[in-house]
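All values derive from a computational prediction rather than experimental measurement. All values below come from the heavy atoms of this structure, side chains included, with hydrogens, waters and symmetry mates left out. Nothing fancy with the numbering, it's 1 onward along the sequence.
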Amino acid sequence: MTHADQTLDIDIVVPCHDEQDTLAAHVRRLHRFCSESLQHSWRITIADNASTDDTARIADDLAAMLPEVHAVHLARKGRGRALKAVWNDSPARVLVYVDEDLSTDLAALEPLVAPLLSGHSDVAIGTRLAGSSRVVRGGKREFISRSYNLLLRSTMGVSFSDAQCGFKAVTRETADHLLPLCEDDAWFFDTELLVLAEHAGLRIHEVPVDWVDDVDSSVHIASTATEDLKGMWRVSRGLATGRIPIAPVYDAIGRRPFTTPHVGILGQLLRFGAIGVLSTVAFALLYALFRPAVGAQTADFLALLVTAIGNTALNRRFTFGVRGRAGAGRHHVQGLVVFGIAWAITSGSLVLLHATTPGASHGAEVLVLTAANLVATGVRFVLFKAWVFRTRRRPVLVRPGDTPAPVAGAAGPSATAAASESGPRHVDESEDRRIDEPAA
């Protein structure tokens, strides 16, 4: 039902680029469904972004012929850009996005928006990966989709199941807070919005959907996957360094209590591995630089010392999520002990090389030391996780009504959440994080 004098409940945005062959039929189908099935005031907004065919004219014709259909034209291409532009200007309480191809069964639209209109949730997404979802698509796309979502959950500490389904909705308040933080203007926009929402402690509602693959999709899988990986790295780095100010979003609309999403062992291994590769390359370059001036063993020591300090700092922040200065000195001292072990491995390999191959070339030394440094990197991860950055917990009893004492060095949503919750909990003795879990 639609009432012009009421507050607009739902704005359904259909981003499109060069869709002249299907736009009219799909918008008419969507309009017919909304007219017959939705119990709230609604509007359909066609967001034409830089189409070069007849899409713009068709969109204007549809807006002129169909009530509650609106057309917006953007000069630059990009699904994320189109959604941000329309959502920012929309007066609706709930902002919806559906793919132009309408691959998702529209029967899921009411279940998608209902928890947002009621105030139960902040974001809602359709998921093709739920057990009750019925999906028709090729094996290649299925494999890529599941792999991408697995990588996303493993490396970014999120729990939602399907980041890429073109069937999503957010509340007006959520959009006001998150859209200014979303930098991507293309396909990664969906993922970025969801990652920021979960890290801000917002509630994400998932709706199993029936979905049929569009065989004529214009999405280029390889280039999209590359941009997605770049986006994941950018957002991970922004959250880890604090460049993305997510804490104010949690303070304003986050749901309490809340524990910051945790990166599991696979995510830690991937991050540690990436830092290890950088450290190994830096080690080889530094060794090659120092070797002519100070000799093999001294060059090995200096190169390993420099990279060890940098490696400890990077892993402290990015791999194990330790923030603040509390415990930093102890961590670096322990890191130097780990460096000593790693140095013994690499220097031992150099001694063995010279013993077995007298007069070995500098190139051979670099190769052997690089291999030894990779082994030392594996040892470093085990020691970092089990010793240096080990989370040591002790139970702290908090009586109902009491306000727990703040933890030194704690910052962000997890600290705020811990300070607001009563009952048994664990406190991380490393003085860097509070863990909101029931005491054992």
Side-chain angles (χ1 to χ4, degrees), residues 10-15 30 38 79-80 82-84 86-87 90 92-135 137 141-142 144-154 156-175 177-179 181-182 184 186-214 219 224 228 231-232 235 249 253-255 261:
I10 307 167
D11 195 353
I12 306 167
V13 183
V14 184
L30 177 60
L38 292 187
R79 182 181 65 179
L83 288 173
K84 283 188 281 188
V86 176
W87 282 358
S90 176
R93 295 168 55 203
V94 171
L95 308 165
V96 179
Y97 147 56
V98 298
D99 277 338
E100 187 277 339
D101 58 22
L102 299 186
S103 292
T104 304
D105 187 349
L106 293 174
L109 186 55
E110 186 73 35
L112 184 80
V113 301
L116 276 59
L117 290 168
S118 69
H120 174 271
S121 300
D122 308 294
V123 181
I125 65 173
T127 176
R128 300 160 296 183
L129 304 181
S132 58
S133 299
R134 293 180 295 182
V135 176
R137 63 174 165 179
R141 285 182 176 270
E142 180 76 8
I144 292 173
S145 178
R146 290 187 177 274
S147 298
Y148 175 73
N149 283 285
L150 176 62
L151 180 64
L152 193 65
R153 292 193 297 273
S154 300
M156 304 196 74
V158 294
S159 59
F160 51 83
S161 63
D162 192 350
Q164 297 171 309
C165 182
F167 198 71
K168 296 181 174 69
V170 299
T171 63
R172 170 78 270 161
E173 188 176 26
T174 298
H177 284 85
L178 289 185
L179 291 184
L181 304 182
C182 294
D184 191 81
W187 295 101
F188 185 70
F189 168 80
D190 301 45
T191 300
E192 184 169 14
L193 181 74
L194 292 176
V195 170
L196 297 184
E198 183 154 342
H199 278 263
L202 305 187
R203 179 172 289 162
I204 300 175
H205 177 74
E206 298 199 3
V207 179
V209 298
D210 297 338
W211 194 86
V212 179
D213 192 13
D214 176 19
V219 178
T224 301
D228 284 344
M232 289 171 62
V235 174
V249 180
I253 60 174
R255 295 175 183 260

Please evaluate residues V94 and V170 with respect to the criterion side chain to side chain contact (heavy atoms under 4.5 Å, CB included), reporting the C-alpha separation (whole Å), side-chain torsions for both, the decisive distance (0.1 Å), and the verdict. CA-CA 6 Å; V94 171; V170 299; over 6 Å; no

Looking at side-chain heavy atoms only, is the closest gap between [X] and [Y] below 4.5 Å?
X	Y	result
V123	F160	no
D210	S133	no
L193	V195	no
L109	I12	yes
V212	R137	no
L30	V98	yes
K168	L194	yes
Q164	W187	no

Side chain R203, main chain H120, donor-acceptor under 3.5 Å: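 Answer holds: yes.
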
Closest contact, heavy atoms only, [X] versus [Y]:
X	Y	answer
V207	P111	CG2-O, 3.7 Å
F167	D105	CZ-O, 4.4 Å
E142	R146	OE2-NE, 2.7 Å
T171	S121	CG2-O, 3.7 Å
V14	E100	CG1-CA, 3.7 Å
A163	N149	N-OD1, 2.8 Å

Distance, nearest 0.5 Å, that separates CD1 of I125 from CG of L112: 9.0 Å

To the nearest 0.5 Å, what is the distance between CG on L116 and NE2 on H205?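 It is 8.5 Å, given to the nearest 0.5 Å.
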
Enumerate the salt bridge (Lys or Arg N to Asp or Glu O under 4.0 Å) contacts for residues 156-165, please, sequence neighbours excluded, ordered by first and then second residue. R128-D162

Give every residue pair that meets the salt bridge (Lys or Arg N to Asp or Glu O under 4.0 Å) criterion with at least one member in residues 106-127, sequence neighbours excluded. D122-R255

Just do the side chain to side chain contact (heavy atoms under 4.5 Å, CB included) check on C165 and T104 with the steps written out, would you? CA-CA 8 Å; C165 182; T104 304; 3.9 Å; yes

Apply side chain to side chain contact (heavy atoms under 4.5 Å, CB included) to residues V158 and L152 and explain how you reach the verdict. CA-CA 7 Å; V158 294; L152 193 65; 4.1 Å; yes

Scan side-chain atoms only and decide if E198 and S159 contain a donor-acceptor pair under the 3.5 Å cut-off.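 Judged by distance alone, the side chains do pair up.
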
Contacts of type side-chain contact (heavy atoms from CB on, under 4.5 Å), residue A114, not counting sequence neighbours: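 Checked A114 against side-chain contact (heavy atoms from CB on, under 4.5 Å); zero matches.
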
May I ask you to check if R134 and W211 form a cation-pi contact, with NZ or CZ under 6.0 angstrom from the six-membered ring centre and within 45° of the axis?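 Not satisfied by the 6.0 Å and 45° rule.
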
